[in-house]
Every structure is written in structure tokens, then in C-alpha cells.
A.B. asks: 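Would you mind keeping the following structure in view while I ask a few things?
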Amino acid sequence: MELASEGLGLNPKRLKEMTCLEGRVMAGHYYPYCPQPDLTVGLTSHSDPGVLAVVLQDRMGGMQVKYGDGWVDVKPVPGALVINVGDFLQIVSNGEYRSVDHRVLANSSREPRVSIAMFFNVSRKDDSYGPLPELVSPEKPALYRQFTLSEFMQRFFNKRMMMASEHDPQIDPFD
Ligand SMILES: O=C(O)CCC(=O)C(=O)O
Ligand SMILES: [Fe+2]
């Protein structure tokens, strides 16, 4: 999968080196009927850690994305895929793309809900990643520092990004 480079002036060779096909993971989700949907959630609020997530949901609905202080339903459209930007893409694009918080409500209908997600991730554990140089300038300094994938994954489980300024809550969406 190639990252959309149009409009951002990215170096296509560099993007090719950052392939996220080898690290792709597929997950199937099954949300059974929940008799008390107000007391729980189907899948708690999160952003996906990788580059992109492509989700195929059935016709039951229930996925929501965070918008401002509220939540917006991602209505199922037959044949459509939901594409979620992940944290890794936010970092390498130096914030040009923003990862999206999303969740799935508990399923209140008698029919189970099923979704299939394909996550596209980089896979070279010891390579150094960070904002692409083409997207860093004196006007727009790097928001994130360089890191390895192992370090990134450790950070992910602590819910923190690789901020250039570790103590600036203004720009750290996970603080
Ligand atoms: O089930 C869904 O619609 C979303 C699944 C999801 O967000 C995930 O697996 O990360
Ligand atoms: Fe997700």
C-alpha cells in the first residue's frame, strides 16, 4: 500500500521504503446481542496505532468517531469500507493527517454485529522512523522525535505518542 503523497510533496522512493504491507494484520470482530447496552461498550474508545486501518462493517451500525466533544455515527453503507488514519501516519506526516478516536457501541439488536478490520503497519523493528523530512521546515518543526518500531509499540501500550516536546500537553493528544 502506498501512502497518499499527492499535495504533500513527498519523496515517492522514501515512501516505498516504508511499505506497510508486510506488517498487515487482519482482525474479525463479533459483537453479540447485549441486553443492557447502556451499561457497557462494544469496543472502547481508541485510535489505531498503525498507518491505516480498513474496516468492513455489516449493516448493524454501532461504530462512532470522535468529533469535537461528541461522537458521530459511522453509518453502514453497503459495499463501502471505512478507512481510519492511525497514530503512525499522524507521526510520519508530522500532524498533516490526524489519527481518529473511534469506538463501537454495545449491540442492542438481537442480531450479532460482525466487522473485519485490516491494519496496515510498518514491520521493520529496528529502522528509525519519524516525521518525513519533506514535511518538516522552520515554519513547521518536527512535532515528533525519531523512534524505532519496538519503542513505538511500547509507547502505544502506555498511550503516548513520540512527542518532540515530551511535556507539552498542548500538542500531546494522549496527555
Ligand atoms: O468493529 C469495528 O467497526 C471497529 C473495529 C476497530 O476499531 C478495531 O479493530 O480497531
Ligand atoms: Fe480501531
A.B. asks: Between Val100 and Leu89, is there a shared hydrophobic cluster once you connect ILVMFWY residues whose side-chain heavy atoms come closer than 4.5 Å?
C.D. replies: no

A.B. asks: Between side-chain atoms of residues 28-35 and protein atoms elsewhere (two or more places apart, or another chain), which donor-acceptor pairs fall under 3.5 Å?
C.D. replies:
{"unit_1": "Tyr33", "atom_1": "OH", "unit_2": "Arg110", "atom_2": "NH2", "d": "3.3"}

A.B. asks: Are Val104 and Val82 connected in a single hydrophobic cluster, I mean Ile/Leu/Val/Met/Phe/Trp/Tyr linked by side-chain heavy atoms less than 4.5 Å apart?
C.D. replies: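 Hydrophobic grouping puts Val82 with Val104.
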
A.B. asks: Taking the six-membered ring for Trp, are Phe152 and Phe88 closer than 6.0 Å centroid to centroid?
C.D. replies: yes

A.B. asks: Tell me whether Leu43 is reachable from Leu81 by hopping between hydrophobic residues (I, L, V, M, F, W, Y) whose side-chain heavy atoms are closer than 4.5 Å.
C.D. replies: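 No, Leu81 and Leu43 fall in different hydrophobic clusters.
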
A.B. asks: Is it the case that the side chains of Asp101 and Ser45 hold a donor-acceptor pair, with the cut-off being a distance below 3.5 Å and no angle test?
C.D. replies: no

A.B. asks: Calculate, to the nearest 0.5 Å, the distance between atoms CD1 and CZ belonging to Ile83 and Phe120 respectively.
C.D. replies: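 Spacing of CD1 (Ile83) from CZ (Phe120) equals 8.0 Å.
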
A.B. asks: Around Lys140, counting heavy atoms of other residues, nucleotides and ligands shown, do more than 12 lie under 6.0 Å from its NZ?
C.D. replies: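 Enclosed: over 12 neighbouring heavy atoms sit under 6.0 Å from NZ of Lys140.
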
A.B. asks: Keeping Ser93 on the side-chain end and Gln90 on the backbone end, is there a donor-acceptor pair under 3.5 Å?
C.D. replies: yes

A.B. asks: Show your reasoning for whether side-chain contact (heavy atoms from CB on, under 4.5 Å) applies to Asn84 and His102.
C.D. replies: CA-CA 9 Å; Asn84 284 335; His102 53 286; 3.6 Å; yes

A.B. asks: Just how far is it from atom CG of Asp126 to atom CD of Glu151, taken to the nearest 0.5 Å?
C.D. replies: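 Asp126 atom CG to Glu151 atom CD measures 11.0 Å (nearest 0.5 Å).
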
A.B. asks: Once rounded to the nearest 0.5 Å, what's the spacing between atom CZ of Phe147 and atom CG of Asp127?
C.D. replies: 11.0 Å

A.B. asks: For residues 51-80, dump all side-chain donor-acceptor pairs below 3.5 Å to protein atoms at least two apart in sequence or in another chain.
C.D. replies:
{"unit_1": "Gln57", "atom_1": "OE1", "unit_2": "Arg113", "atom_2": "NH2", "d": "2.9"}
{"unit_1": "Gln57", "atom_1": "NE2", "unit_2": "Val74", "atom_2": "O", "d": "3.0"}
{"unit_1": "Asp58", "atom_1": "OD1", "unit_2": "Met60", "atom_2": "N", "d": "3.1"}
{"unit_1": "Asp58", "atom_1": "OD2", "unit_2": "Val114", "atom_2": "N", "d": "2.8"}
{"unit_1": "Arg59", "atom_1": "NH2", "unit_2": "Glu111", "atom_2": "OE1", "d": "3.4"}
{"unit_1": "Arg59", "atom_1": "NH2", "unit_2": "Glu111", "atom_2": "OE2", "d": "3.0"}
{"unit_1": "Gln64", "atom_1": "OE1", "unit_2": "Arg103", "atom_2": "NE", "d": "2.8"}
{"unit_1": "Gln64", "atom_1": "OE1", "unit_2": "Arg103", "atom_2": "NH2", "d": "2.8"}
{"unit_1": "Gln64", "atom_1": "NE2", "unit_2": "Asp73", "atom_2": "OD1", "d": "2.9"}

A.B. asks: If you group Ile, Leu, Val, Met, Phe, Trp and Tyr whenever their side-chain heavy atoms sit less than 4.5 Å apart, what else falls in with Val136?
C.D. replies: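 ILVMFWY cluster around Val136 holds nothing else.
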
A.B. asks: Are Leu149 and Tyr129 side-chain neighbours, meaning at least one heavy-atom pair lies under 4.5 Å?
C.D. replies: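 Yes, close enough: below the 4.5 Å cut-off.
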
A.B. asks: Looking at Leu135, is its backbone amide N or carbonyl O close enough to the side chain of Asn94 to form a donor-acceptor pair, meaning the two atoms are under 3.5 Å apart?
C.D. replies: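 Side chain of Asn94 to backbone of Leu135: a pair is present.
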
A.B. asks: Going from CD1 on Ile116 to CE on Met26, what distance comes out if it is rounded to the nearest 0.5 angstrom?
C.D. replies: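 The CE atom of Met26 is 5.5 Å from CD1 of Ile116, to the nearest 0.5 Å.
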
A.B. asks: Check ring-ring contact (aromatic ring centres under 6.0 Å, His included) between Phe119 and all other residues, then give those that pass, not counting sequence neighbours.
C.D. replies: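 Phe119 satisfies ring-ring contact (aromatic ring centres under 6.0 Å, His included) with no other residue.
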
A.B. asks: Of the non-hydrogen atoms in Ser99 and Gly86, which two are nearest, and what is the gap between them?
C.D. replies: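 Of all heavy-atom pairs spanning Ser99 and Gly86, the closest is CB-C, 3.4 Å.
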
A.B. asks: Same hydrophobic cluster for Met153 and Val92, using side-chain heavy-atom links shorter than 4.5 Å among ILVMFWY?
C.D. replies: yes

A.B. asks: Apart from Leu39 itself, what residues make up its hydrophobic cluster, given side-chain heavy atom links below 4.5 Å?
C.D. replies: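 Taking Ile, Leu, Val, Met, Phe, Trp and Tyr as members, Leu39 stands alone, with no cluster partners.
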
A.B. asks: State which residues pass side chain to side chain donor-acceptor pair (under 3.5 Å) with Ser109; sequence neighbours excluded, sorted by chain then number.
C.D. replies: Asn107

